[in-house]
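Throughout, a chain's letter reflects where its sequence line sits, starting with A, and its residues are numbered from 1.
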Amino acid sequence: MDEIAYITTPLYYVNAEPHIGHAYTQIAADTLARYCRQSGKKVFFLTGTDEHGQKIQDAADARGISPREHTDEMVGKFKDLWVKLDISNDGFIRTTDEEHKETVRSLLNKLYEKGEIEKRSYTGWYCVPDERFWREKDLEEGKCPECGREVERIREDNYFFLMSAYQEKLIEYINSNPGYIKPDIRRNEVLGFLKNNRLDDLCISRPKSRLSWGIPLPFDENYVTYVWFDALINYYSATGYIAPPGVNWWPATCHLIGKDILTTHSVYWSTMLMGLGLPLPRKIFAHGWWTITGEKMSKSRGNVIAPLDLVEQWGVNAFRYFLLRQVSFGMDGNFSEEQFISRYETDLANDLGNLLSRVLSMISKYSPSYDPSRPDGFEKLSEDISGDLEELYGELRFSSVLDRIWEIVKSANVYVERSAPWNLAKSDTERLSQVLTSLYETLGCVASLIYPFMPGASAEMNRQLGIEEPGLGIRRWGDAGRFGNIKKGDPLFPKK
RNA sequence: GGCGGAGUAGCUCAGCCGGUCAGAGCAGAGGAAUCAUAAUCCUCGUGUCGGGGGUUCGAGUCCCUCCUCCGCUACCA
C-alpha cells in the first residue's frame with residue numbers, strides 16, 4: 001500500500017457556472033481522498049481553476065471588466081459550491097497563481113533548451129471576427145462553422161511541442177502499464193487512436209497580439225502559452241507550493257477526469273512529462289457523463305441539473321450517495337428524479353435511517369447492558385469487507401463499495417427480525433444485551449464505512465450513537481461504544 | 001470509413017480467467033411481525049442471457065457473422 005496519495009481533479013474552466021458534471025468529479029475525488037485518509041495515508045487532494053485563454057478574455061471583455069476581476073468572481077462560485085458539497089480538498093490552485101506561472105515558464109524553458117519546442121509557421125483558415133483557426137474539415141461549405149462568415153487563409157508563426165516523437169514510446173508505456181489509463185475502454189480508445197493515426201506536434205502558443213491573457217513564453221515574450229499546456233502543468237506545479245512540504249508528491253497517484261478530456265491527459269500530458277523527463281502519473285481515470293432522463297444535458301434542452309437545487313431539497317449526503325451508487329464509476333449514468341427518490345427512500349431512509357432509528361429506540365426502551373465481550377458472530381460481516389474495500393477503492397468501484405456496505409445494513413435488518421429483541425426483552429435479558437450490542441457496534445462500523453461518501457451522515461450517526469471521538473479510521477468492534485451517550489435525534493434521512 | 005464498446009427478468013443493471021450463472025435491486029402479488037421514518041422480514045419470476053453459425057464433454061462467458069444502439073477519430077477549455 002502506498003503511504004501517500006496525491007489525488008487531482010481537472011482544473012475547471014471558469015467561463016461558465018458549475019454544473020452536475022463538475023460536482024460529479026469533485027465528489028468522486030473527494031470520496032477517494034477521504035477513504036485514503038481513513039486508511040492512514042498521507043493525502044494531498046488538489047482541485048482548482050483554469051483561468052487563461054481566449055474565452056475568458058472574451059467573457060471579461062463582454063462584461064467590461066478585467067479578466068482578473070472576472071475570474072476572481074467565478075472562482076468564488078466554484079469554491080462556494082465545493083464547500084456545500086463537503087469537498088475536502090487540501091489545496092486549490094489557480095493557473096493565475098504567480099508560483100504556477102513561474103513553474104510553467106521554467107518548464108517551458110527546459111523543454112525549449114532540450115530542443116523539444118520549435119518555432120514553425122502554421123497556415124490555416126482563420127475567422128477574423130471569431131479570432132480563431134479552423135481545420136479544413138471543420139469548415140462548412142468553406143465558411144466558419146460557428147458564425148458562417150468567410151474565413152481567410154493566413155499564416156502565423158507559432159511554437160510547437162514536438163509531441164510526435166513520443167508516439168511509439170507512449171504506446172509502449174500504455175501497453176506495459178495496464179493500470180495507467182482506466183477504465184479499460186478508455187485505454188483501448190487511446191491505444192486505438194495512437195496506433196491508427198500519426199501523432200502531430202502540438203501547437204502551444206498564441207501571438208500576444210491575438211491573445212494577451214496568458215503566460216508569456218520565457219524565450220519569446222511576443223507569445224503566450226496556449227491553454228492546455230498551461231493548465232496541465234498545474235498538477236506538477238502545485239506540488240511545489242501548495243502541497244504540504246516534506247513529501248515527494250510527484251508523480252500523482254490518480255488524475256480523475258471526465259471522458260471528454262481523456263486525450264488531453266493521456267496523450268498531451270503524458271508526452272509533455274516524457275519530454276520533461278518527469279515520471280508519469282500512476283493512473284488517469286476517466287469517468288462517464290450524466291444524461292438527464294435519457295437525454296444529453298444541455299442548456300438548449302433546458303435540462304441542466306443544478307447541483308445546489310438537489311442539495312437543498314435532499315441534502316448533500318443523499319446527493320453524493322446517489323451519484324456514486326447509481327452507476328458503476330466510469331460508465332455514463334442517467335439521472336432521473338424518480339430514480340433519485342427511489343434510492344433515497346429505499347437505501348437511505350428505509351434501510352439505513354430506519355435501522356439506526358429502530359435500534360436506538362429499542363436500546364432506550366429495553367435498557368439492555370452494553371456488553372461487547374460476547375460478539376454474536378455478526379461483527380465478522382463488517383470486518384470481512386475491509387480487504388475488499390482496499391481493492392474496490394483502488395479500482396474506484398464506488399458503487400460496489402456501497403453495495404458491500406449495504407449488505408451489512410440489510411443483514412442487520414434481517415438480524416433484528418430473526419432475534420426479535422421485543423421478545424427477548426420479556427424473556428432473556430442476557431441475549432437481549434448481546435443482540436443490541438451487536439447491532440449498536442454494527443451501526444458504529446457502518447457510520448465509519450459511509451464516511452467517505454457521506455461525511456455528514458456519518459457524523460450524525462456517530463452523534464446519535466454517542467460515539468464522541470469516532471476517530472478517522474474504520475471502526476472496529478467495541479472501539480468506543482457504550483449506551484450511556486446515545487442521543488436519538490431526528491431521522492437521518494427523513495421521508496418527504 | 002477505421003477502431004472500440006453495449007444489447008441479460010416490466011424497469012435499472014451484476015455476472016473476472018467457460019462448468020450451482022441463469023442473478024440483485026426496484027416495481028407487482030401473498031403472508032409474518034410490531035422495535036422503527038406504515039419503516040422491517042419471509043415467499044413468489046415459463047427470461048430462447050440481441051439473431052444465426054462454430055469450438056468444446058460443457059458457453060451470457062471463447063471464435064465468426066448479421067441486426068440495433070453508443071463512444072472515439074486529437075492540436076475548438
Side-chain angles (χ1 to χ4, degrees), chain A residues 10-16 49-56 95 122 124 127 130 132-135 137-138 145-146 158 160-161 163-164 183-204 226-232 258-264 266-268 288-289 325-328 331-334 336 338-339 342-343 345-366 399-400 403 406-407 410 412-425 435-436 439 488 490-496:
Chain A
L11 296 199
Y12 303 111
Y13 202 59
V14 291
N15 68 333
T49 44
D50 178 13
E51 304 180 17
H52 289 122
Q54 189 70 53
K55 287 186 181 173
I56 303 293
T95 54
Y122 173 81
C127 175
D130 282 351
R132 59 165 290 189
F133 279 94
W134 294 100
R135 285 176 298 171
K137 67 173 183 179
D138 289 330
E146 199 143 276
N158 263 311
F160 286 77
F161 167 55
M163 183 166 74
S164 59
D184 288 339
I185 179 178
R186 303 301 162 207
R187 177 170 182 267
N188 283 340
E189 265 177 33
V190 174
L191 277 175
F193 164 67
L194 286 172
K195 284 172 181 166
N196 296 317
N197 297 278
R198 250 197 53 207
L199 205 55
D200 283 341
D201 295 326
L202 184 66
C203 182
I204 59 160
Y226 183 62
V227 289
W228 277 117
F229 206 87
D230 160 9
L232 287 166
K259 64 178 183 177
D260 51 326
I261 50 177
L262 176 66
T263 307
T264 322
S266 52
V267 180
Y268 303 174
W289 281 354
R325 176 63 189 78
Q326 187 66 6
V327 300
S328 351
M331 296 177 66
D332 285 350
N334 182 43
S336 79
E338 212 174 303
Q339 288 171 333
S342 169
R343 284 285 177 201
E345 296 202 333
T346 305
D347 298 359
L348 297 177
N350 296 353
D351 287 349
L352 178 60
N354 185 55
L355 176 67
L356 177 71
S357 176
R358 70 196 305 206
V359 169
L360 292 185
S361 152
M362 286 189 285
I363 290 174
S364 80
K365 189 170 288 189
Y366 304 139
S399 63
S400 299
D403 260 344
W406 252 253
E407 279 175 26
K410 288 175 188 202
N413 275 318
V414 172
Y415 181 71
V416 171
E417 296 300 321
R418 295 252 162 93
S419 50
W422 45 91
N423 291 332
L424 295 176
V435 166
L436 289 179
L439 286 165
K488 186 164 194 265
D490 294 333
L492 197 54
F493 297 100
K495 289 213 179 167
K496 307 290 175 182

The residue among A:Lys410, A:Arg418, A:Glu417 that forms side chain to side chain contact (heavy atoms under 4.5 Å, CB included) with A:Val414 is A:Arg418
*For A:Lys195 and B:G2, is the shortest distance between a side-chain N/O and OP1 or OP2 below 4.0 Å?*
no
Counting the atoms with a prime plus P, OP1 and OP2 as sugar-phosphate, which does A:Ser357 contact under 4.0 Å by heavy atoms, base, sugar-phosphate, or nothing?
base
message: If you count every heavy atom of other residues, nucleotides or ligands that lies below 6.0 Å from A:Asn197 atom CG, does the total exceed 12?
response: yes
Roughly how far apart, to the nearest Å, are B:U55 and B:U65 at atom C1'?
15 Å
Ranking B:U37, B:U34, B:G25 by distance to the side chain of A:Lys410, first place goes to B:G25
Taken to the nearest whole Å, CZ/A:Arg198 to P/B:A74 is 15 Å
Closest to the 5' end of RNA chain B, once A:Lys259 and A:Asp201 are matched to their nearest nucleotides, is A:Lys259
Less than 4.5 Å apart, side chain to side chain, heavy atoms only: is that true for A:Phe160 and A:Asp200?
no
Roughly how far apart, to the nearest Å, are B:C42 and B:U34 at atom C1'?
15 Å
Applying the 3.5 Å cut-off to both distances, the Watson-Crick or G-U partner of B:G28 turns out to be B:C44
- prompt: Do the side chain of A:Tyr366 and the main chain of A:Ser361 share a donor and acceptor less than 3.5 angstrom apart?
  reply: no
Closest to the 5' end of RNA chain B, once A:Ser342 and A:Gln339 are matched to their nearest nucleotides, is A:Gln339
Practice problem: Considering only atom C1', compute the distance from B:G45 to B:G2 and round it to an integer number of Å. | Solution: 43 Å
Report task. Examine B:U40: is either OP1 or OP2 under 4.0 Å from a nitrogen or oxygen in the side chain of A:Asn350? Give yes or no. Result -> yes
Problem - Distance, P atom - from B:U8 to B:U48, rounded to whole angstrom - result: 11 Å
Among B:C3, B:C35, B:U37, the one nearest any side-chain atom of A:Leu492 is B:U37
Its glycosidic angle compared against 90° from 0, B:G60 adopts the form syn
### Query
With sugar-phosphate meaning primed atoms plus P, OP1 and OP2, does A:Val414 contact a base, only sugar-phosphate, or nothing at under 4.0 Å between heavy atoms?
sugar-phosphate
Original post:
What is the nucleic acid contact for A:Arg343, judged by heavy atoms within less than 4.0 Å: base, sugar-phosphate only, or nothing?
Top reply: nothing
For the residue pair A:Thr49 / A:Glu51, report whether a side-chain donor-acceptor contact shorter than 3.5 Å exists. yes
Among B:C42, B:C72, B:C75, the one nearest any side-chain atom of A:Glu189 is B:C72
### Query
Within the structure shown, what part of the strands sits under 4.0 Å from A:Leu262 by heavy-atom distance: base, sugar-phosphate, or nothing?
nothing
Check this one for me: any side-chain N or O of A:Lys495 less than 4.0 Å away from OP1 or OP2 of B:A39? yes
| Is A:Thr264 touching bases, backbone alone, or none of the nucleic acid, heavy atoms closer than 4.0 Å? | nothing
Within-4.5 Å side-chain heavy-atom neighbours: A:Val327 and A:Asp332: no
Problem set entry | Pairwise C1' distance, B:U40 and B:C35 [rounded to whole Å] | 10 Å
With the side chain defined as heavy atoms from C-beta on, A:Gln326 is closest, among B:A36, B:U12, B:U37, to B:U12
Among B:A36, B:U73, B:G5, the one nearest any side-chain atom of A:Ile185 is B:G5
Against the side chain of A:Ala349, the closest entry in B:A36, B:C41, B:U37 is B:U37
| message | Using atom P in both nucleotides, what's the gap between B:C11 and B:G28 to the nearest angstrom? | response | 15 Å
Original post:
Counting any heavy atom closer than 4.0 Å, what does A:Phe160 reach on the DNA or RNA strands: base, sugar-phosphate only, or nothing?
Top reply: nothing
